[in-house]
2 protein chains.
Amino acid sequence: MTDPLAPAGPSSRRPVTLVIADDHPVVRHGLRSIFASSPDFAVLGEAADGPEAVALVTRLDPDVVLMDLRMPGGGGVEAIGELVRRDVRTRVLVLTTYDTDSDTVAAIEAGATGYLLKDTPRDDLFDATRAAAEGRTVLSPAITARLVSRMRAPANETLSARERDVLRLVAQGTSNREIAALLFISEATVKSHLTHIYGKLNAKDRAAAVATAYDRGILG
Amino acid sequence: MTDPLAPAGPSSRRPVTLVIADDHPVVRHGLRSIFASSPDFAVLGEAADGPEAVALVTRLDPDVVLMDLRMPGGGGVEAIGELVRRDVRTRVLVLTTYDTDSDTVAAIEAGATGYLLKDTPRDDLFDATRAAAEGRTVLSPAITARLVSRMRAPANETLSARERDVLRLVAQGTSNREIAALLFISEATVKSHLTHIYGKLNAKDRAAAVATAYDRGILG
DNA sequence: GACGGCATCAGCCGATCGGCTGATGCGGCT
DNA sequence: AGCCGCATCAGCCGATCGGCTGATGCCGTC
């Protein structure tokens with residue numbers, strides 16, 4: 001994993017330019033000071049939310065933007081999508097505390113080049129950032145493991161929008177009949193959706209479905 | 001508790017000494033560099049988990065330990081309890097990303113002097129740390145608001161250990177009869193526990209109970 | 001144009017749930 | 001001694017759920 005003899009040309013190449021996007025001042029300071037300790041990187045700027053990050057990246061044109069996923073006022077996923085839409089050359093490296101399935105999948109699908117957890121050690125962070133700058137995909141070991149196990153277990157299907165609607169109401173204690181009324185469909189349809197949800201989430205009943213939905217980040 | 005030799009005052013000349021306990025290297029760096037920017041503070045050391053934090057605090061005797069709650073290998077709450085048991089004079093200032101009810105309450109009950117979220121701005125962090133060093137309780141505005149609203153709403157009762165046992169099984173899709181068998185009690189007792197759970201969590205059925213339990217940090 | 005996923009609906013039936021009205025024993029607090 | 005929370009148990013009953021089988025229309029893909 002950590003190769004001290006890795007051919008990392010410190011002064012040979014131009015430093016990797018960065019923008020940091022995180023709503024936590026503590027984390028921004030931490031990342032800045034970590035990258036300041038190496039001549040291979042140059043932090044061009046910091047943003048505290050999604051829109052700010054998009055504006056900054058567009059203006060500064062960094063090699064990589066380190067982006068937190070959960071930020072107030074337009075989350076990270078929307079920002080990633082916007083950057084992709086603008087077709088910037090900057091690579092997005094998601095760096096977050098959370099590792100729920102929905103976050104991970106959403107970020108990768110939106111176009112992130114990598115996904116790291118904040119407990120990543122300094123050197124691994126350097127490696128990953130360099131890799132991201134070159135367009136290589138990097139994932140935290142924990143994330144990789146879960147995605148792989150996810151692929152292996154077909155129990156990992158995605159809920160449709162309608163199924164999520166139903167599940168959200170179920171989590172509020174709404175009965176099938178009430179759900180039917182609220183969604184303007186018949187009770188039979190609600191039951192049908194629920195049967196599909198149980199199958200997809202591998203849950204035995206509505207309580208278990210709600211629980212695994214929370215575990216996977218679908219709810220809450 | 002009090003150092004007889006310290007000319008303690010609201011703005012004493014001696015810097016406030018700190019130990020940082022967080023499993024995220026990024027956060028440790030961030031806090032260190034933030035506090036390094038002010039002459040009012042001196043960071044004595046860093047720990048990456050609970051036991052390490054306890055050892056370091058015992059050895060270095062800082063004024064304040066900034067502690068993350070969720071750490072591998074012995075979480076922050078246990079560490080706080082251990083520090084209190086050892087009767088150290090060091091104040092514990094919890095600094096975490098999460099603000100679930102159970103975390104907050106557990107930390108305060110364990111003996112934390114303050115509870116801040118990591119999105120706290122630099123200056124507020126300084127103020128809070130100084131306050132904690134003097135033994136004053138400090139809470140993030142968001143935390144305070146929730147605790148207050150919690151007090152006002154009597155809907156905030158605590159589940160008993162047995163009730164949590166039942167609820168945990170319910171979240172796994174276990175039927176009442178199965179729960180009874182697993183816990184060596186009768187089905188009637190399970191139903192009784194559930195009725196109490198519904199009342200305490202203000203939930204209509206088991207699905208809603210599981211959902212609010214997740215929301216309040218009782219599960220997951 | 002066939003295929004598959006999604007959303008919609010129907011009826012039947014046994015299993016399960018949740019509400020109701022109780023009761024007992026234990027332990028802690030006042 | 002009295003009160004209260006907790007855990008334990010009982011029976012009854014209507015409401016709800018979940019499984020099963022099967023059907024239709026829409027839409028996007030191959």
Side-chain angles (χ1 to χ4, degrees), chain A residues 101-102 105-106 109 150-151 153-213 216 218-219, chain B residues 102 105 109 150-151 153-213 216 218-219:
Chain A
D101 289 351
S102 64
V105 173
E109 279 181 352
R150 176 70 40 127
M151 294 302 169
N156 174 32
E157 309 177 55
T158 319
L159 296 188
S160 73
R162 202 53 160 170
E163 285 161 355
R164 281 196 301 274
D165 289 342
V166 171
L167 190 53
R168 235 172 271 126
L169 290 169
V170 164
Q172 291 165 25
T174 320
S175 76
N176 291 352
R177 191 170 305 166
E178 292 167 334
I179 293 173
L182 288 170
L183 298 184
F184 303 106
I185 57 182
S186 90
E187 199 179 332
T189 305
V190 174
K191 291 178 66 174
S192 174
H193 285 313
L194 275 174
T195 301
H196 294 148
I197 291 172
Y198 299 151
K200 289 183 177 181
L201 298 186
N202 194 28
K204 205 184 155 203
D205 59 23
R206 41 181 62 215
V210 168
T212 63
R216 297 199 188 170
I218 300 170
L219 288 176
Chain B
S102 64
V105 173
E109 279 181 353
R150 177 69 35 131
M151 294 301 169
N156 175 33
E157 308 179 55
T158 318
L159 296 188
S160 73
R162 204 54 162 168
E163 286 161 353
R164 282 194 301 274
D165 290 342
V166 171
L167 190 53
R168 238 174 267 127
L169 290 169
V170 164
Q172 292 166 26
T174 320
S175 75
N176 290 353
R177 191 170 307 166
E178 291 168 333
I179 293 173
L182 288 171
L183 298 184
F184 304 106
I185 57 182
S186 88
E187 200 178 330
T189 306
V190 174
K191 292 178 67 173
S192 173
H193 285 314
L194 275 174
T195 302
H196 294 148
I197 291 171
Y198 299 151
K200 288 183 177 180
L201 297 186
N202 194 29
K204 204 185 156 204
D205 58 24
R206 41 180 64 213
V210 167
T212 63
R216 297 199 188 171
I218 300 171
L219 289 176

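Just so we're on the same page: letters track the sequence lines, and every chain starts at 1.
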Taking atom CZ of B/R206 and atom CG of B/N176, what is their separation to the nearest 0.5 Å? 4.5 Å
Per nearest nucleotide of DNA chain C, the residue lying toward the 5' end, A/H193 or B/A207, is A/H193
Checking A/S192 side chain against A/A188 main chain: does a donor-acceptor pair fall under 3.5 Å? no
Are the side chains of A/I179 and A/H193 in touch, meaning some heavy atoms are under 4.5 Å apart? no
For A/E187 and for B/K191, find the nucleotide of DNA chain D with the closest heavy atom, then tell me which residue's nucleotide is more 5'. B/K191
How long is the gap from NZ on A/K200 to CZ on A/R216, to the nearest 0.5 Å? 11.5 Å
For chain A, the stretch of DNA chain C it reaches, first to last nucleotide, under 4.0 Å of its heavy atoms: C/dC6 to C/dC12
By nearest-nucleotide position on DNA chain C, the 5'-leaning member of B/S192 and B/R206 is B/R206
B/L183 side chain reached by B/T189 side chain, heavy atoms, under 4.5 Å: no
Qualifying residue, where the test is side chain to side chain contact (heavy atoms under 4.5 Å, CB included) with A/I197 and the options are A/L167, A/T212, A/V210: A/L167
What nucleic acid atoms does B/S175 come within less than 4.0 Å of, heavy atoms only: base, sugar-phosphate, or nothing? sugar-phosphate
